[in-house]
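Note that the structure is a prediction, hence the values are computed from the model and not measured.
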Amino acid sequence: MQYDLCIVGAGVGGGALAQALAPTGKKILLLNRLGSLPREAENWSPSALFTQDRYKSDERWADALRGGEFRPAMYYWLGGNTKVYGSALLRMRPQDFGALQTLDGESPAWPISYDDLAPYYDRAEAAYHVHGRRGADPFEPPAGPYPHPPLVHSPRVAEVAEGLRRQGIHPFELPMGVKMSHEDPGTGTFVLRETFEAMGRAAFDGFPDLLHLKCDAEVASVEPAVAFDNVDLVTGADVTRLVTDAGGRRVTHVEAVVDGEPVTFSADAFALCAGAVNSAALLLRSASEAHPAGLANASGAVGRHFMRHVTSKFYTVASQMPNPTRFQKTMAVNDFYFGVPGDPEWETTPLGHVHLMGKHAGWQIVQDLGPGAISLDEADEIAAHSVDWWVQSEDLPLADNRITLGPGGGIRVAYRETNRGAQEKLMDVLEAALRPIGFDRFLRVPMPLAVVNHQCGTCRMGTDPAASVVGVDGRAHDLDNLYLADASVFPSSGATNPTLTIAANAYRVADRLAERLG
């Protein structure tokens, strides 16, 4: 069958494209490596997820700088890595789309502005059922109200938020994508359903959602898209190559292995949404006589400028103040996103974003600190008194931070971290604000290379075909009918979670594709 559009990858970008274009009536094919992640008791089993790695891909990537291999935190089910994400959905700041000086160098400008994405951010927030309170973050860009009111803090989190306000900090309700419906008509705030509260510490960040209350890409976009008769979904499809015509200007079909058998799929246009690492790897594997360095790679930029955010877990412990919270992930801080007000040395140096994680248990602290660092009894005591933060800062799109192919076509990652000093300063200023309100112990856990859930930048968007892979419309400079609509096109990472920006940009690219498809 000849399709109007073939989309490779049913994660955030591919799902948004399919959902946006389904009402056009055009014949759309959506290909994904796996089907739906099974809904089973093991979804909430720590041992199944973190000891047996039950749902994680078993592939290995090579560390090109340090040697050896690592098992990346990659999930290829429908919805991609959002099947185990934490549902935090934030917009990038308008300044993130311009050139920005960071501690370790300049972050480049995008060829589009915040205003170009603003209406698509609105659409993404609606699709992902984002709960929040506009204006609670005094540093967020202007926009209309969130689709749903915010999640309410637990008593302990509310107490910490008030303590931070006394220190001059502006904590706010973290925008979260959750499919829930119980709102308090008296206050207009969101009340956690009993079933959601039962998940709590046991099953949020890093866990699949047995209840499908987390609004992941499968729930938000893939399921609505495939409800249309003109959208075909093929799972179990491992796409191995994109093939062009003899002139090399048009992709004619993709080659895939479906349930162990080689299959080809043809279309008039193609959209690659396999994630930053795999989109770049697939283009490199698609090298041909017309494209000897890899498909869409006349610039040499495919695979380069890989980013993943500088990230840490930050356990902050108030030894005299228990934290019985089960669902903790409701608060964030952006006061230091662009610097430290009043500090001459750091006032104009971006530090990044901080939000609460799902409540961590002692066994997770043991796992984070490594073998022999701490006993389980001590970790349990820490967990009983800890408020647990996720800290992320922008890393820079260095040309030598890149994805290449090793022998046999395996993925090689060369990555040197930047802006670690800014992240340490961010934890310093948060620690200074927390000490006066009873916190007396702090544990910092930098995330290893295997944590690639915020991967971006390997097929950057730009107006110069000699320095970028795709144009402003998402179409590859070197081809007439190949588009990219995942995080690979990001010229920079900002310091916010990428999910909402991926979805917003995919909706924007969908409008361009709709024009093309007529």
Side-chain angles (χ1 to χ4, degrees), residues 13 17 92-102 105-118 120-121 242 248-249 251 269-284 286 291 293-309 394-404 414 418 454-496 498 501-513 515-516:
L17 278 184
M92 290 175 63
R93 317 283 111 163
Q95 298 95 315
D96 287 325
F97 293 90
L100 189 66
Q101 185 64 41
T102 74
E106 185 177 84
S107 174
W110 290 46
I112 60 174
S113 69
Y114 172 81
D115 289 341
D116 293 323
L117 273 190
Y120 300 103
Y121 271 132
L242 284 73
R249 286 295 302 177
V251 178
F270 294 82
L272 183 52
C273 305
V277 171
N278 281 287
S279 284
L282 183 54
L283 292 174
L284 295 174
S286 300
H291 299 274
L295 195 61
N297 197 26
S299 64
V302 169
R304 292 189 180 274
H305 314 109
F306 168 70
M307 297 167 283
R308 56 179 284 273
H309 278 148
E394 178 169 4
D395 57 353
L396 295 173
L398 305 181
D400 289 337
N401 280 0
R402 63 186 301 197
I403 306 302
T404 56
T418 58
H454 290 186
Q455 58 183 267
C456 56
T458 59
C459 302
R460 69 192 327 189
M461 181 196 319
T463 56
D464 181 2
S468 58
V469 178
V470 303
V472 171
D473 61 355
R475 183 178 62 83
H477 293 302
D478 304 346
L479 294 123
D480 293 332
N481 67 336
L482 176 63
Y483 293 75
L484 281 85
D486 56 18
S488 68
V489 305
F490 284 23
S492 69
S493 68
T496 59
T501 302
I502 298 170
N505 186 60
Y507 288 134
R508 186 185 66 86
V509 172
D511 277 357
R512 309 290 84 77
L513 267 167
E515 295 168 1
R516 177 195 180 104

To the nearest 0.5 Å, how far apart are [atom1] in [X] and [atom2] in [Y]?
X: D486; Y: S279; atom1: CG; atom2: OG; result: 3.5 Å
X: L282; Y: L295; atom1: CG; atom2: CG; result: 8.5 Å
X: S488; Y: L272; atom1: OG; atom2: CG; result: 6.5 Å
X: H305; Y: S492; atom1: NE2; atom2: OG; result: 12.0 Å
X: D473; Y: D511; atom1: CG; atom2: CG; result: 12.0 Å
X: I502; Y: C456; atom1: CD1; atom2: SG; result: 8.0 Å

Just wondering, do [Y] and [X] contact through their side chains at under 4.5 Å, heavy atoms?
X: L479; Y: H291; value: yes
X: F306; Y: V277; value: yes
X: L482; Y: L283; value: yes
X: T102; Y: T418; value: no
X: P397; Y: R460; value: yes

Could you list the residues that satisfy side-chain contact (heavy atoms from CB on, under 4.5 Å) with A414, not counting sequence neighbours?
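Per chain and number, A414 pairs via side-chain contact (heavy atoms from CB on, under 4.5 Å) with A64, L65, R402.
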
Between the side chain of [X] and the main-chain N/O of [Y], is any donor-acceptor distance below 3.5 Å?
X: H454; Y: M307; result: no
X: D96; Y: R93; result: yes
X: H477; Y: G462; result: yes

May I ask you to say whether D400 pairs ionically with R304, meaning some side-chain N is under 4.0 Å from a carboxylate O?
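Between R304 and D400 there is a salt bridge, with a charged N closer than 4.0 Å to a carboxylate O.
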
Do the ring planes of W110 and F490 sit parallel (below 30°), tilted (30 to 60°) or perpendicular (above 60°)?
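The rings of W110 and F490 sit tilted, inter-plane angle from 30° to 60°.
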
Carefully, step by step, assess M92 and L117 under the rule side-chain contact (heavy atoms from CB on, under 4.5 Å).
CA-CA 10 Å; M92 290 175 63; L117 273 190; over 6 Å; no

Evaluate side-chain contact (heavy atoms from CB on, under 4.5 Å) for V472 paired with T463, printing each intermediate quantity in order.
CA-CA 7 Å; V472 171; T463 56; 4.1 Å; yes

Which atoms form the tightest heavy-atom contact between [X] and [Y], and what is the distance?
X: V509; Y: L484; answer: CG2-O, 4.5 Å
X: P108; Y: P491; answer: CG-O, 3.5 Å
X: V469; Y: S299; answer: CG2-OG, 4.3 Å
X: S493; Y: D395; answer: OG-OD1, 3.4 Å
X: T501; Y: Y121; answer: OG1-OH, 2.6 Å

Given Y483, which partner from the list R516, R512, R475 fulfils the side chain to side chain donor-acceptor pair (under 3.5 Å) test?
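Exactly one option meets the side chain to side chain donor-acceptor pair (under 3.5 Å) with Y483, and it is R516.
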
So which pairs with a foot in residues 107-116 pass salt bridge (charged side-chain N to carboxylate O under 4.0 Å, His left out), sequence neighbours left out?
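As it turns out, there is no salt bridge (charged side-chain N to carboxylate O under 4.0 Å, His left out) pair with a partner in residues 107-116 once direct neighbours are skipped.
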
